[in-house]
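So the structure is just underneath, and the comments pick up after that.
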Number of protein chains: 2
Amino acid sequence: MVTIADVARHAGVAPSTVSYVLTGKRSISPQTRTKVRESIRLLGYHPHAGARALATSRANVVALVLPLRPGVHLPVLMRFVTAAVTTARRHDMDVLLVTADQGAQGLRRVAGSAQVDGFLVMDVELDDDRVPLLRQMTQPSVLIGRPAAVKGLTCVDLDFEAAGARCVDHLADLGHRYIGFLGAPSVVYQRNTGYAQRTMAGFGAAAMRRGIASTALPAEDDYESVLVSVRSLLRTQPAMTALVVHNEAALGWVAGSLRSLGRRVPDDVAVVAICPDELAEQMQLTSVQLPAEELGRQAMELLVARLNGHPTAALTLLPPKLSGRASTAPRLRRA
Amino acid sequence: MVTIADVARHAGVAPSTVSYVLTGKRSISPQTRTKVRESIRLLGYHPHAGARALATSRANVVALVLPLRPGVHLPVLMRFVTAAVTTARRHDMDVLLVTADQGAQGLRRVAGSAQVDGFLVMDVELDDDRVPLLRQMTQPSVLIGRPAAVKGLTCVDLDFEAAGARCVDHLADLGHRYIGFLGAPSVVYQRNTGYAQRTMAGFGAAAMRRGIASTALPAEDDYESVLVSVRSLLRTQPAMTALVVHNEAALGWVAGSLRSLGRRVPDDVAVVAICPDELAEQMQLTSVQLPAEELGRQAMELLVARLNGHPTAALTLLPPKLSGRASTAPRLRRA
DNA sequence: TCCGGTTGTTGAAGCGTTTCGACAACGTTA
DNA sequence: TAACGTTGTCGAAACGCTTCAACAACCGGA
């Protein structure tokens, strides 16, 4: 291995000088600087990461804690990861992969051994058992998701409440007065998932605000159950002309269910989905996106900020973005 | 930070003794051992990874080089990653995430700075530009996939040739005598992808061996084109009673195409797919699996072996496994 | 009783960086 | 000309660990 001493010898300077050329923490004359740079290039020198970590007590590595369990939507996860890694690299950081199944134990390990300078934790739940640990660790962390209490943390999430409201507003602006809500499977509401409840809450509040009649039901993951839910929504509220769907698995069956009940999309019933953009694109559904890249990028930027000692807000909510598509095409009949 | 010196002081021994307790490289009396262990626990000591890396010139980290570009089948990738990470952890190693877009440059960086002890590179192509670099690096590497020349490397891959042959054998055993092959989009064969060609080769050779008439065609990613290919196969070989499909995107349209041409699955035409198991499961297709977990596990085990100085084979091919499902149900008419 | 061989423990030297204090060399100003 | 700040460079001391050579203490055998 070629060390800083080798470079120093080759360039005819002291090791410390080489170090200063590299870090720029002291002024170095242009001559020596180029001389040193040349030697570095010639010898193919790379600073030893471990030695550097030891001397600076900074590893320049962040841990990315990923939920690799079934049920997470992988395309979204991937886009998130890519964005996070890219952003980290832009700040000269590397990313250590920690799977969520290693649990709090795993976090303690990498934190304790000073392998990483900080944590990016995905898929945080309302009362996540990792949160207390993260709070008391010396290394900073940024969470994707929104636990019950964000005090003392740094969290990033889509503003699901606003997302629910955005759907209502879009539909209300198009003239709809009776709107249904097809939610996640009921277990999701029982479990403490937070984002599902918040979307519902935003939806309900916006409907009230706009004087719109709304009905909500959960939907399970199979065609039968989607059909049952949709039928039941229509029975409860026969005048319903629009449907907000917050359930990726159900999306594929919504149009079919409606059709089999004699309603066409968008002529009889308009549909707005809250889901990853590519899904919506594929099915030509008007949708509120899940801004994976943006979340990943922001989260990493916040983490870097904290690593550099800058204070950050406890909660950063990304505003929802709605993309209009065929499923809420302007309705001539209504205009 | 609590250091080894703190532990030593607390336990009333020398730092080296603590080290030996931890590494087990010298015999330590049971008394001191328990005493030291107790102090470690009490003080919550974790060895500093950087310091350790510096002293041992071993980081206990391997780089996982992932293709995060569109087109890779994410569920398979994820299962692979999970297996690799789990296996690494079992050997007390951590995993540094390197995205393929960082290219050879990125590999050089993490290798040069001694951040990692080895590389696990996914999705290697026939003439991958990273291969020369990997070959000359001091750190060992294991590749998933199969470049043109494997000499001096360690590669793991599914035995695609055997997979193609396995499909033929399965169908031949069921009594089929005229078999078609629906391949990947033609660009895949133009590009140097290797595995596609090898599957074809295995398929063709096995057909010859069993005295079976075979016809092969590529298929693009849309319904129209699948339909055209299937029709063309049937026209070329009207007696065709079985189809081998090596094209994940086309899978969903194969049954439909056949039906629209008046053939039912499996009664008129049996179908065998080469694809991830869950896809096959979902469509109830007899299939040869892509053993993601097994590949990940094996690859990491091989890497660990090389890190420990054990020699490894240049090429490890996993035998294909066929799962029988409804699409090749035993045919009463034929029996 | 003395010697050779274990066994358990230690002190110190290194691993490759960074960084602090020191200090020449140099222009500037008094 | 003397004193002084600046600028550029250096030497040495950390950082926290491993490991080697050395050694004390003990045991059994001659």
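Note that the structure is a prediction, hence the values are computed from the model and not measured. Order of the sequence lines sets the chain letters (A, B, ...), proteins ahead of strands, with each chain counted from 1.
Distance from the side chain of B:Leu54 is smallest for D:dG16 among the nucleotides D:dT18, D:dG16, C:dT19. Comparing atom distances between the B:Tyr45 side chain and each of D:dC17, C:dT17, D:dG8 picks out D:dC17 as nearest. Taking the side chain of B:Ser19 as heavy atoms from C-beta on, and the options D:dT19, C:dT10, C:dG8, the nearest nucleotide is D:dT19. Here D:dT9 is the nucleotide among D:dT9, C:dT17, D:dC15 with the atom lying nearest to any side-chain atom of A:Ile28.
Residue contacts for B:Thr3: at a heavy-atom cut-off of 4.0 Å it reaches the sugar-phosphate backbone alone, with no base atom in range. Using a 4.0 Å heavy-atom cutoff across all strands shown, B:Ser57 reaches no nucleic acid atom at all. Residue contacts shown for A:Thr56 are limited to sugar-phosphate atoms, with no base heavy atom under 4.0 Å away. Using a 4.0 Å heavy-atom criterion, one finds that B:Ser29 contacts the sugar-phosphate atoms exclusively.
B:Thr17 contributes no side-chain N or O that, together with a main-chain N or O of B:Val13, makes up a donor-acceptor pair within less than 3.5 Å. Looking only at distances, a side-chain donor or acceptor of B:Arg33 sits under 3.5 Å from a matching main-chain atom of B:Ile28.
Between the CD1 atom of B:Ile4 and the P atom of C:dT10 there is a distance of 12 Å, rounded to whole Å. Atom-to-atom, NE2 of A:His48 to P of C:dT18 comes out at 12 Å; the value is rounded to the nearest Å. Going from atom CE of A:Met1 over to atom P of C:dG16 covers 7 Å, rounded to whole Å. Straight-line distance from the CG atom of A:Leu22 to the P atom of D:dT9: 15 Å, rounded to whole Å. Rounded to an integer number of Å, the gap from A:Asp6 CG to C:dG16 P is 9 Å. At whole-Å resolution of the value, CG in B:Asn60 and P in D:dC17 are 14 Å apart. Straight-line distance from the CZ atom of B:Arg52 to the C1' atom of C:dG14: 17 Å, rounded to whole Å.
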Dump every N/O contact between nucleotides 11-14 of chain D and the protein below 3.5 Å, one line per pair.
residue : atom : partner : partner atom : Å
D:dG11  : N7   : A:Ser16 : OG           : 3.4
D:dG11  : O6   : A:Ser16 : OG           : 3.3

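The pair B:Glu294-B:Arg297 counts as a salt bridge, with a side-chain nitrogen and a carboxylate oxygen less than 4.0 angstrom apart.
Contact annotation: A:Thr17 does not reach the phosphate of D:dT9 (side-chain N/O to OP1 or OP2, under 4.0 Å). Under 4.0 angstrom from either OP1 or OP2 of C:dT19 there lies at least one side-chain N or O belonging to A:Lys25.
In this structure, B:Leu315 and B:Leu317 have side chains that are in contact, with non-hydrogen atoms separated by less than 4.5 Å.
The closest side-chain donor-acceptor pair between A:Glu301 and A:His91 falls under 3.5 angstrom. Side-chain atoms of B:Gln139 and B:Asp117 include no donor-acceptor pair closer than 3.5 Å.
Along DNA chain C, the nucleotide nearest B:Thr32 and the nucleotide nearest B:Ala51 are compared for position; the residue whose nucleotide lies closer to the 5' end is B:Thr32.
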inquiry  = Set out, in order, the CA-CA distance, both residues' side-chain angles and the distance that settles side-chain contact (heavy atoms from CB on, under 4.5 Å) for A:Met93 and A:Met300, then state yes or no.
reply    = CA-CA 10 Å; A:Met93 300 245 149; A:Met300 189 57 82; over 6 Å; no
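Evaluation of atom-type donor-acceptor distances gives no pair under 3.5 Å for the side chain of A:Arg26 against the base of D:dT7.
No more than 12 heavy atoms of other residues, nucleotides or ligands lie within 6.0 Å of NZ in A:Lys321, so this atom counts as exposed by the packing criterion.
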